[in-house]
Engineer: 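I have a structure here, written as structure tokens, and I will follow up with some questions on it.
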Number of protein chains: 2
Amino acid sequence: MQSLLQQLSTIHRLSAAAQQDLEKAFLPLTLTKNTFLIEEGKICRQLYFLEQGCIRGYYLSDGKEITHWFGFENDFVTSFHSFSTQQPATEHIQLLEGSVLWSISREKLLQLCEKHHNIERLLRMAYEKYYIRLEERFVKSQFRTAAERYALLLEQAPHIIERVPLGHIASYLGLSQETLSRVRAKL
Amino acid sequence: MQSLLQQLSTIHRLSAAAQQDLEKAFLPLTLTKNTFLIEEGKICRQLYFLEQGCIRGYYLSDGKEITHWFGFENDFVTSFHSFSTQQPATEHIQLLEGSVLWSISREKLLQLCEKHHNIERLLRMAYEKYYIRLEERFVKSQFRTAAERYALLLEQAPHIIERVPLGHIASYLGLSQETLSRVRAKL
DNA sequence: CGCCGAGTTGAACTGAATCAAGAAACGTGG
DNA sequence: CCACGTTTCTTGATTCAGTTCAACTCGGCG
């Protein structure tokens, strides 16, 4: 719980009352490797905070799994599309390691937004932050070669190679596994 | 102004007081083709609503202009990274047609968020919407061929070809202009 | 011991980039 | 309203990065 509050405070400072309500609203959750947090076709009603562990989001395209994001310690994860619109998810979210999470329902979160302007602001600022992060990733991947994209990933998440199978990283970078293997072979 | 209020109401319903304050805060602006709304290196302090016209955001990579988004009627536009963080912009924003816009300063917008929880919520929901839109674009471009990406764009914005030079569309799709021209030749 | 998933390596193929001309369309001034 | 230069678009030839398919290696594990 400490790391959740800590992470929230890096986005926006909360009032004591808002913080207490949030503490009560998040429920702890420990899950094993390969568990699915969300499956395609189901409606996602929970937002998760990943305290410890590693997660991927992927979708199926022509029968192949395309990993389009990873979550690590201190990330908020969910299927944002489904969570926001309450339409069926188009992606799977799967644990890559046994993980410790905290969850809050959409309903509860919206109640807290209603009650504390404070929390609504934090959420707004969190979306801003995640929007900018996604935009940056988009810009930095277009018109870059395989080697450049891999080098950039290693810069941003040096630990990733030890924790995530190569095939998942390859599709995340928009490459085939064989190409990524060859890129790595050249150091 | 009518179309701005109309557009806001599709995101979230505002109180009369909040709506009135917003009406006062937005200033009208009419600019000619090729004007720059934002230039790389400058800090972006304004958010714009595009009532009429057409805009692109682009950045320079190896001396080449890469258009990474277009704005049309009823879009909110700014350099989100610079606007949110108040760091220098990494992109240019340029009018592709003479346009009618409304602008609000970051300072004023944050004041209004402070005053009306209502407006803070609308902004949070707007960010949600734009986040989802960006994510969808990302997913739909990765692992797609040139022809598929072009077909998808035409579905979503059939009018774009008559309003925007081919070269800009090509870089938006992650292609060279020559390739896009050949894709079009095959209908 | 043999299977299985994960990663590597090789050879052939291909979609798209690049380089290089040329053709159209456009706007501006005379 | 035409002439000229500029910008925009097309077409061709060549090259290359990355895919695909297939075989092989390696380490872990029942």
Side-chain angles (χ1 to χ4, degrees), chain A residues 32-35 54 56 58 60-68 70 92 94-98 140-154 157-187, chain B residues 32-36 54-56 58 60-68 70 92 94-98 140-154 157-187:
Chain A
T32 58
K33 184 170 172 170
N34 293 327
T35 305
C54 175
R56 69 168 178 143
Y58 71 91
L60 294 172
S61 178
D62 307 325
K64 270 172 284 182
E65 294 182 0
I66 315 281
T67 298
H68 62 124
F70 294 107
H92 301 261
Q94 184 186 33
L95 303 215
L96 297 177
E97 296 173 356
K140 290 197 172 164
S141 68
Q142 216 171 4
F143 289 103
R144 299 276 139 226
T145 64
E148 286 170 331
R149 294 207 289 270
Y150 181 62
L152 201 64
L153 178 65
L154 284 191
H159 51 289
I160 201 172
I161 339 105
E162 295 113 49
R163 299 177 72 181
V164 177
L166 198 72
H168 298 162
I169 297 176
S171 70
Y172 176 80
L173 293 174
L175 304 172
S176 70
Q177 171 162 335
E178 295 90 327
T179 299
L180 182 53
S181 177
R182 280 184 256 264
V183 164
R184 289 215 305 179
K186 290 187 197 150
L187 290 172
Chain B
T32 59
K33 184 170 170 169
N34 293 328
T35 305
F36 286 96
C54 175
I55 290 187
R56 69 168 177 140
Y58 71 90
L60 294 172
S61 178
D62 307 324
K64 271 173 282 181
E65 295 182 358
I66 316 281
T67 298
H68 62 123
F70 294 107
H92 301 262
Q94 183 187 34
L95 304 215
L96 297 177
E97 296 174 356
K140 290 198 171 164
S141 68
Q142 214 170 5
F143 290 103
R144 299 277 140 225
T145 65
E148 286 170 331
R149 294 209 288 268
Y150 181 62
L152 201 64
L153 178 65
L154 285 190
H159 51 289
I160 202 172
I161 340 106
E162 295 112 50
R163 298 178 73 180
V164 177
L166 198 73
H168 299 162
I169 297 176
S171 70
Y172 176 80
L173 294 173
L175 304 173
S176 70
Q177 171 161 332
E178 294 91 325
T179 298
L180 183 53
S181 178
R182 281 184 253 264
V183 164
R184 290 215 305 180
K186 290 186 196 152
L187 290 170

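Proteins come first, then strands; the chains are lettered A, B, ... in the order of their sequence lines, and each starts at number 1. Atom set for the values below is all heavy atoms of this structure, side chains included, hydrogens, waters and symmetry mates excluded.
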Engineer: At what distance, to the nearest 0.5 angstrom, does OG1 of A:T145 lie from CZ of A:R149?
Structural biologist: 7.5 Å
Engineer: Please identify each residue that fulfils ring-ring contact (aromatic ring centres under 6.0 Å, His included) with A:H168, with sequence neighbours left out.
Structural biologist: none
Engineer: Residues in side-chain hydrogen bond (donor to acceptor under 3.5 Å, both in side chains) with B:Q142, at least two apart?
Structural biologist: none
Engineer: Using a strict heavy-atom distance below 4.0 Å, which residues from residues 178-185 of chain A are in contact with DNA chain C?
Structural biologist: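 Within residues 178-185 of chain A, the residues near DNA chain C are A:E178, A:S181, A:R182, A:R184, A:A185.
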Engineer: Where does the chain A footprint on DNA chain C start and end, counting 5' to 3' with a 4.0 Å heavy-atom cut-off?
Structural biologist: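 The contact span of chain A on DNA chain C goes from C:dG7 to C:dA11.
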Engineer: Show the atom names and distances, to 0.1 Å, of all donor-acceptor pairs under 3.5 Å that link a side chain in residues 180-187 of chain B to residues at least two apart or in another chain.
Structural biologist:
none

Engineer: Please list, chain by chain and in numerical order, all residues satisfying ring-ring contact (aromatic ring centres under 6.0 Å, His included) with B:Y150, sequence neighbours excluded.
Structural biologist: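 Counting only residues at least two positions away or on another chain, B:Y150 forms no ring-ring contact (aromatic ring centres under 6.0 Å, His included).
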Engineer: Nearest nucleotide by nearest heavy atom, which residue falls closer to the 5' end of DNA chain C, B:G174 or A:V164?
Structural biologist: A:V164
Engineer: What pairs with A:S141 under side-chain hydrogen bond (donor to acceptor under 3.5 Å, both in side chains), at least two apart in sequence or on another chain?
Structural biologist: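 side-chain hydrogen bond (donor to acceptor under 3.5 Å, both in side chains) list for A:S141, sorted by chain: empty.
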Engineer: Regarding B:K64, tell me which of base, sugar-phosphate or nothing describes its non-hydrogen contacts under 4.0 Å with the strands shown.
Structural biologist: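 It contacts sugar-phosphate atoms only.
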Engineer: Where each residue is assigned the nucleotide of DNA chain C containing its nearest heavy atom, which of B:K33 and B:A147 is assigned the position nearer the 5′ end?
Structural biologist: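 This one resolves to B:A147.
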Engineer: What is the ring orientation for A:H92 with A:Y58, classed by angle as parallel under 30°, tilted 30 to 60°, or perpendicular over 60°?
Structural biologist: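 A:H92 and A:Y58: parallel rings.
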Engineer: Rounding to an integer number of Å, can you tell me how far B:L96 CG sits from D:dT7 C1'?
Structural biologist: 14 Å
Engineer: Go along nucleotides 24-30 of chain D 5' to 3' and tag each nucleotide: B for a protein heavy atom under 4.0 Å from its base, S when only backbone or sugar atoms are that close, - otherwise.
Structural biologist: -------
Engineer: Atom CG of A:L173 to atom C1' of D:dT19: distance rounded to whole Å?
Structural biologist: 16 Å
Engineer: Bend angle of the helix from C:dC1-D:dG30 to C:dG30-D:dC1 from five-pair axes at both ends, rounded to 10°?
Structural biologist: 30°
Engineer: Mind checking side-chain hydrogen bond (donor to acceptor under 3.5 Å, both in side chains) for A:Q94 and listing every partner two or more places apart, or none if nothing turns up?
Structural biologist: A:R56
Engineer: Would you please name every residue forming a salt bridge (Lys or Arg N to Asp or Glu O under 4.0 Å) with B:K140, sequence neighbours left out?
Structural biologist: B:E136
Engineer: Roughly, in whole Å, what's the span from CD1 in B:I161 to C1' in D:dC9?
Structural biologist: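 Roughly 14 Å, once rounded to whole Å.
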Engineer: Where the side chain of A:S171 meets the backbone of A:T67, is there a donor-acceptor pair that is under 3.5 Å apart?
Structural biologist: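 Judged by distance alone, yes, a pair lies under 3.5 Å.
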Engineer: Is there a side-chain contact between A:R144 and A:L152, using heavy atoms and a 4.5 Å cut-off?
Structural biologist: no
Engineer: If you measure from CG on A:L154 to NE2 on A:H159, what distance do you get to the nearest 0.5 Å?
Structural biologist: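 The NE2 atom of A:H159 is 10.5 Å from CG of A:L154, to the nearest 0.5 Å.
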Engineer: Quick one: list whatever passes ring-ring contact (aromatic ring centres under 6.0 Å, His included) with B:F143, sequence neighbours left out.
Structural biologist: none
